[in-house]
2 protein chains.
Amino acid sequence: MLRLSKLTDYATVILSFMARDNTHVHAAMEIAAITGIALPTVSKILKVLVNAKVLISTRGAKGGYALARAPEKITVAEVISALEGPIALTECSISLQGCEQAAGCEIRGNWSLINQTIHNALESVTLADMIRPVRSQAPAWEKEILIPVASLYR
Amino acid sequence: MLRLSKLTDYATVILSFMARDNTHVHAAMEIAAITGIALPTVSKILKVLVNAKVLISTRGAKGGYALARAPEKITVAEVISALEGPIALTECSISLQGCEQAAGCEIRGNWSLINQTIHNALESVTLADMIRPVRSQAPAWEKEILIPVASLYR
DNA sequence: ATTAAATAGTACTAGAATAGTCCTCAATTA
DNA sequence: TAATTGAGGACTATTCTAGTACTATTTAAT
């Protein structure tokens with residue numbers, strides 16, 4: 001599996017709840033209760049999302065968390081990079097200093113193309129799309145994302 | 001990072017070497033020597049790729065491994081699933097029995113759409129594409145898609 | 001036939017990464 | 001000033017990955 005960490009998965013669950021009820025701030029405890037995710041874990045995720053400027057927080061009594069922007073303006077790519085760092089499939093696509101297998105590895109450039117394609121895909125899906133019922137959304141991005149990478153070469 | 005395991009990374013290195021020299025079988029030891037990956041590790045990967053029908057093996061003296069098909073017929077998606085299992089970002093996209101967060105989770109269908117998109121991208125890149133030099137292809141795609149590379153390192 | 005060269009299969013170990021928890025400090029409101 | 005809520009960091013246990021080792025099986029050459 002092309003693994004996404006559990007925390008990232010939780011994050012999307014949390015965020016989609018918040019997107020659906022975006023009228024007031026939500027305390028960590030409330031979110032934990034509703035999503036069924038343990039409080040300390042919810043708390044940890046929320047903090048990360050605040051640092052990534054996906055959420056804004058209010059301290060003190062009656063405080064809580066709210067989306068920093070409208071759901072349409074928050075992309076899945078953003079959420080993923082907040083929790084997992086840069087979106088890339090291989091180490092060498094991130095650190096440009098090259099891998100040890102340099103001898104047998106002339107495919108770095110090609111990986112980065114693939115990475116960009118995937119990133120592009122994730123960037124065009126927003127929180128708003130995520131909370132939309134499945135049926136009605138296909139058209140919106142099918143036009144935009146289906147990039148046949150191979151065709152770029154031929 | 002949207003992690004791909006090291007083994008998968010190695011696999012692409014190994015396969016791209018084999019695609020470049022596709023005239024005869026290669027023994028595991030030869031591949032290890034050339035790629036610089038430890039023999040037991042190479043061996044392990046080759047076995048997996050044989051099971052996935054990406055490679056074919058010949059036992060005995062003068063035996064070795066060869067691509068099961070032409071490089072154009074072997075996709076990156078295949079290689080990745082061979083080593084990591086089904087290509088999907090989240091658990092619940094694979095096992096349809098649903099997750100425990102069922103209450104707060106109505107986004108499964110949307111994940112699967114994203115997964116599908118990514119899968120398509122990976123499916124359209126073949127081994128033949130991977131061994132093509134990077135330079136010659138840059139112009140082609142630069143015209144066709146606009147990708148905010150900087151966002152990768154946000 | 002016998003020996004050497006190779007893959008097949010499986011089990012095991014060490015290390016790293018992840019998930020999850022807990023505790024103390026800071027801020028806000030009533 | 002007391003109660004409520006987030007911020008930040010440290011810590012632990014568990015899971016996963018990478019890598020290794022060993023034994024069995026198959027084939028080719030002599």
Side-chain angles (χ1 to χ4, degrees), chain A residues 1-14 18 24-33 35-68 80 82-85 89-91 94 99-101, chain B residues 1-11 13-14 18 24-33 35-68 80 82-85 89-91 99-101:
Chain A
M1 187 169 81
L2 224 160
R3 231 168 72 83
L4 209 63
S5 80
K6 260 191 197 175
L7 294 182
T8 307
D9 199 1
Y10 292 161
T12 61
V13 172
I14 292 171
M18 294 178 75
H24 55 87
V25 301
H26 300 278
M29 238 173 70
E30 180 199 352
I31 295 173
T35 60
I37 305 167
L39 174 59
T41 304
V42 167
S43 198
K44 183 180 193 172
I45 294 167
L46 291 170
K47 287 171 200 169
V48 172
L49 292 173
V50 168
N51 281 326
K53 303 201 193 307
V54 170
L55 297 179
I56 46 178
S57 63
T58 320
R59 284 189 177 193
K62 305 255 169 153
Y65 297 90
L67 299 182
I80 294 179
L83 281 123
E84 325 225 355
L89 295 179
T90 54
E91 267 311 329
I94 297 175
C99 55
E100 311 87 57
Q101 265 77 35
Chain B
M1 188 169 78
L2 223 161
R3 229 170 73 82
L4 209 63
S5 78
K6 258 193 199 174
L7 293 182
T8 307
D9 199 1
Y10 292 162
V13 172
I14 291 172
M18 293 178 76
H24 55 87
V25 301
H26 299 277
M29 237 173 71
E30 180 198 352
I31 295 173
T35 59
I37 304 168
L39 174 58
T41 304
V42 168
S43 197
K44 183 181 194 173
I45 294 168
L46 292 170
K47 287 172 200 169
V48 172
L49 291 173
V50 168
N51 281 327
K53 303 202 192 309
V54 171
L55 297 180
I56 46 178
S57 63
T58 319
R59 284 191 176 193
K62 304 255 166 150
Y65 297 88
L67 298 182
I80 293 178
L83 281 122
E84 322 227 356
L89 295 179
T90 54
E91 267 309 332
C99 54
E100 312 87 55
Q101 266 76 35

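Chain naming here is simple, since letters A, B, ... match the order of the sequence lines and numbering starts at 1 in each.
- By the 4.5 Å heavy-atom criterion applied to side chains, B:T41 and B:K6 are not counted as neighbours.
- B:I56 places none of its side-chain heavy atoms less than 4.5 Å from the side chain of B:V50.
- Interface residues of residues 26-33 of chain B facing DNA chain D, ordered by number: none; criterion, heavy-atom separation under 4.0 Å.
- The CD1 atom of A:I14 sits 13 Å away from the C1' atom of C:dG20 (whole-angstrom rounding).
- With values rounded to the nearest 0.5 angstrom, B:L46 atom CG is found 11.0 Å from B:H26 atom NE2.
- For the pair B:K53 and B:A68, the tightest heavy-atom approach, listed with the atom from each and the gap, is O-CB, 3.5 Å.
- When all heavy atoms are compared, the tightest approach of A:K62 to A:V25 is O-CG2, 3.8 Å.
- Shown here for A:A82 and A:L49, the closest heavy-atom pair between the two residues is CB-CD2, 4.2 Å.
- Side chains of A:E30 and A:Y65 form no contact here, defined as non-hydrogen atoms less than 4.5 Å apart.
- One atom, CG of A:N51, and another, P of D:dA7, lie 8 Å apart when rounded to the nearest Å.
- Rounded to an integer number of Å, the gap from A:Y65 OH to C:dT28 P is 14 Å.
- Here the P atom of nucleotide C:dA27 and the CD1 atom of A:I56 are 18 Å apart, to the nearest Å.
- Between A:I45 atom CD1 and C:dG20 atom C1' there is a gap of 10 Å when expressed in whole angstrom units.
- The CG atom of B:L55 sits 11 Å away from the P atom of C:dT7 (whole-angstrom rounding).
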Summarise protein proximity over nucleotides 11-22 of chain D in one line of letters, 5' to 3': B for base, S for sugar-phosphate only, - for none, counting protein heavy atoms closer than 4.0 Å. ------SBBB--

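- Separation of atoms OG1 (B:T35) and CE (B:M18) is listed at 11.0 Å; rounding is to 0.5 Å.
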One character per nucleotide, please: for nucleotides 25-30 of chain D, 5' to 3', B when the base has a protein heavy atom closer than 4.0 Å, S when only the sugar-phosphate does, - otherwise. BBBS--

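- Among B:V54, B:L4, B:L7, the one residue that satisfies the side-chain contact (heavy atoms from CB on, under 4.5 Å) test with B:L83 is B:L7.
- Contact annotation: the side chain of A:T8 never approaches that of A:I45 to less than 4.5 Å [non-hydrogen atoms, C-beta and beyond].
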